[in-house]
Amino acid sequence: MGGVTGTLVLAGTPIGDVADAPPRLAAELAAAEVIAAEDTRRLRRLTQALGVHTTGRVVSYFEGNESARTPELVEALAGGARVLLVTDAGMPSVSDPGYRLVAAAVERDIKVTAVPGPSAVLTALAVSGLPVDRFCFEGFLPRKAGERLGRLREVAAERRTLVYFEAPHRLDDTLAAMAEAFGPDRRAAVCRELTKTYEEVKRGPLKDLAAWAAEGVRGEITIVVEGAPEPGPQDLTAEELVRRVRAREEAGERRKEAIAAVAAEAGLPKREVFDAVVAAKNAP
């Protein structure tokens with residue numbers, strides 16, 4: 001593109017306590033030529049709490065008008081404007097409006113940057129007491145019971161810690177579905193109203209959490225679920241053994257070394273792993 005283009009700034013906003021607002025947020029709110037807000041009323045309360053006077057044009061940008069509003073904002077960016085995108089809480093694009101605008105800006109070679117801020121995903125992970133070295137964020141589950149259970153079954157064997165958002169009025173059904181898909185004793189943590197006055201973290205097996213939630217829960221909810229346990233020797237199929245060997249070979253190990261390593265990991269005789277590799281090789 002010729003000429004000078006503007007900058008799209010994705011700004012993280014507090015998920016509860018306004019004192020958690022990143023220092024740069026106030027400066028960006030004051031400097032932006034266009035502010036796209038998920039809820040303009042919440043934006044007004046935020047700027048008042050931060051003592052910020054905005055001079056830029058404020059437009060709404062939420063799920064209902066995201067598709068229609070995106071071209072307008074991209075044109076403003078193409079014309080050199082600094083556009084600030086804020087959602088109700090947390091980071092734009094993370095289960096909130098923003099992805100369409102970012103993709104459109106990238107397509108036009110417009111600079112996209114961010115003001116890092118509070119994150120319900122990372123906060124819930126940190127306080128959950130569950131492993132945080134590897135995790136995946138699954139966002140909101142489908143509202144229909146059958147689709148929800150199907151989605152959960154797809155990740156039942158996932159070994160990374162899982163993080164979900166959920167509405168409070170669906171929490172009991174979701175936890176019951178998780179207990180069915182993952183097993184009633186899988187550990188989890190329900191994080192409610194993070195950083196707010198009535199913050200609560202409820203930890204325990206899914207079956208116990210589902211019973212607790214059946215009594216009714218209010219507030220913003222983030223669920224953290226323990227990943228599936230490593231399979232023991234009795235759980236590893238021949239296909240899984242072959243997959244692990246091939247993965248090591250692709251990483252540069254010789255087959256003999258790969259077989260020995262996989263056998264040691266699985267607690268199996270090397271001969272059993274070797275036979276599985278040979279059978280896979282000779283399979284039609």
Side-chain angles (χ1 to χ4, degrees), residues 91 93-95 99 102-103 106 112 114 116 119-142 147-165 174-175 177-191 203-207 209 222-284:
M91 202 68 195
S93 291
V94 182
S95 285
Y99 168 74
V102 172
V106 170
V112 180
S119 165
V121 175
L122 296 181
T123 303
L125 271 168
V127 303
S128 68
L130 298 172
V132 297
D133 54 332
R134 299 176 67 225
F135 69 91
C136 54
F137 174 57
E138 289 287 307
F140 284 96
L141 287 163
E147 294 177 7
R148 179 171 57 230
L149 185 58
R151 181 77 59 82
L152 290 169
R153 283 174 173 162
E154 288 177 6
V155 295
E158 173 60 62
R159 292 178 195 143
R160 292 172 294 180
T161 300
L162 300 159
V163 185
Y164 295 89
F165 288 158
T174 292
L175 290 170
M178 287 178 170
E180 180 178 347
F182 301 154
D185 296 321
R186 181 85 69 90
R187 294 187 301 162
V190 176
C191 304
R203 305 175 181 87
L206 283 168
K207 61 182 179 183
L209 292 174
T222 306
I223 307 170
V224 185
V225 185
E226 182 180 35
E230 285 283 344
Q234 71 279 9
D235 300 321
L236 288 174
T237 64
E239 291 78 8
E240 174 64 12
L241 294 173
V242 172
R243 187 195 67 78
R244 293 189 179 193
V245 170
R246 286 176 178 167
R248 285 180 168 273
E249 286 184 296
E250 290 171 0
E253 287 188 19
R254 292 187 301 173
R255 177 165 295 180
K256 182 178 180 181
E257 295 168 345
I259 289 173
V262 170
E265 289 174 353
L268 295 170
K270 286 187 287 186
R271 185 72 194 184
E272 186 171 337
V273 180
F274 174 80
D275 289 344
V277 172
V278 172
K281 182 179 179 181
N282 296 332

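Counting begins at 1 with the first residue of the sequence.
With sequence neighbours excluded, the residues satisfying side chain to side chain donor-acceptor pair (under 3.5 Å) with Arg271 are Asp275. Under the rule for a side chain to side chain donor-acceptor pair (under 3.5 Å), Thr222 has no partner lying at least two apart in sequence or in another chain. Residues satisfying the ring pair (Phe, Tyr, Trp, His ring centres under 6.0 Å) criterion with Phe137, sequence neighbours excluded, are Phe165. For Arg243, the side-chain contact (heavy atoms from CB on, under 4.5 Å) partners at least two apart in sequence or on another chain are Glu240. Under the salt bridge (Lys or Arg N to Asp or Glu O under 4.0 Å) criterion, Arg153 pairs with Glu180, not counting sequence neighbours. Scanning for side-chain contact (heavy atoms from CB on, under 4.5 Å) contacts around Glu253 gives Arg248, Glu257, Ala258, Ala261, with sequence neighbours left out. Looking at residues two or more places apart in sequence or on another chain, you find no ring pair (Phe, Tyr, Trp, His ring centres under 6.0 Å) involving Tyr99. Taking Val155 as the reference, Glu138, Glu158, Leu162, Tyr164, Phe182 meet the side-chain contact (heavy atoms from CB on, under 4.5 Å) condition, with sequence neighbours excluded. By the side-chain contact (heavy atoms from CB on, under 4.5 Å) test, Val112 pairs with Leu8, Leu10, Val102, Ala105, Val106, sequence neighbours left out. Contacts of Glu147 classified as side chain to side chain donor-acceptor pair (under 3.5 Å), with partners at least two apart in sequence or in another chain: none. Under the rule for a side chain to side chain donor-acceptor pair (under 3.5 Å), Arg246 has no partner lying at least two apart in sequence or in another chain.
Here the shortest heavy-atom pairing between Ala189 and Arg203 reads CB-CG, 4.0 Å. Counting all heavy atoms, side chain and backbone alike, Arg187 lies closest to Pro131 at NH2-CD, 4.3 Å. Across all non-hydrogen atoms, the minimal contact from Arg244 to Leu236 is NH2-CD2, 3.8 Å.
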Take Val225 and Thr161, measure what side chain to side chain contact (heavy atoms under 4.5 Å, CB included) needs, and give me the verdict at the end.
CA-CA 6 Å; Val225 185; Thr161 300; over 6 Å; no
Please test Met178 against Leu175 for side chain to side chain contact (heavy atoms under 4.5 Å, CB included), starting from the C-alpha separation and ending with a verdict.
CA-CA 5 Å; Met178 287 178 170; Leu175 290 170; 4.2 Å; yes
Enumerate, atom names and distances included, each donor-acceptor pair closer than 3.5 Å involving a side-chain atom of residues 119-129, sequence neighbours excluded.
from, atom 1, to, atom 2, distance (Å)
Ser119, OG, Val121, N, 3.3
Ser119, OG, Leu122, N, 3.3
Thr123, OG1, Ser119, O, 2.7
Ser128, OG, Leu125, O, 2.9
Ser128, OG, Leu130, N, 3.1

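The CD atom of Glu154 sits 9.0 Å away from atom CG of Leu152, with the distance rounded to the nearest 0.5 Å. If you take CG on Leu209 and OG1 on Thr174, they are separated by 12.5 Å, rounding to the nearest 0.5 Å. Between the CG atom in Leu241 and the CG atom in Leu268 there is a gap of 6.0 Å [rounded to 0.5 Å].
At distances below 3.5 Å, at least one donor-acceptor pair connects side-chain atoms of Arg186 with backbone N or O atoms of Glu226.
Using a 4.5 Å heavy-atom cutoff, the side chains of Leu206 and Pro184 are not in contact.
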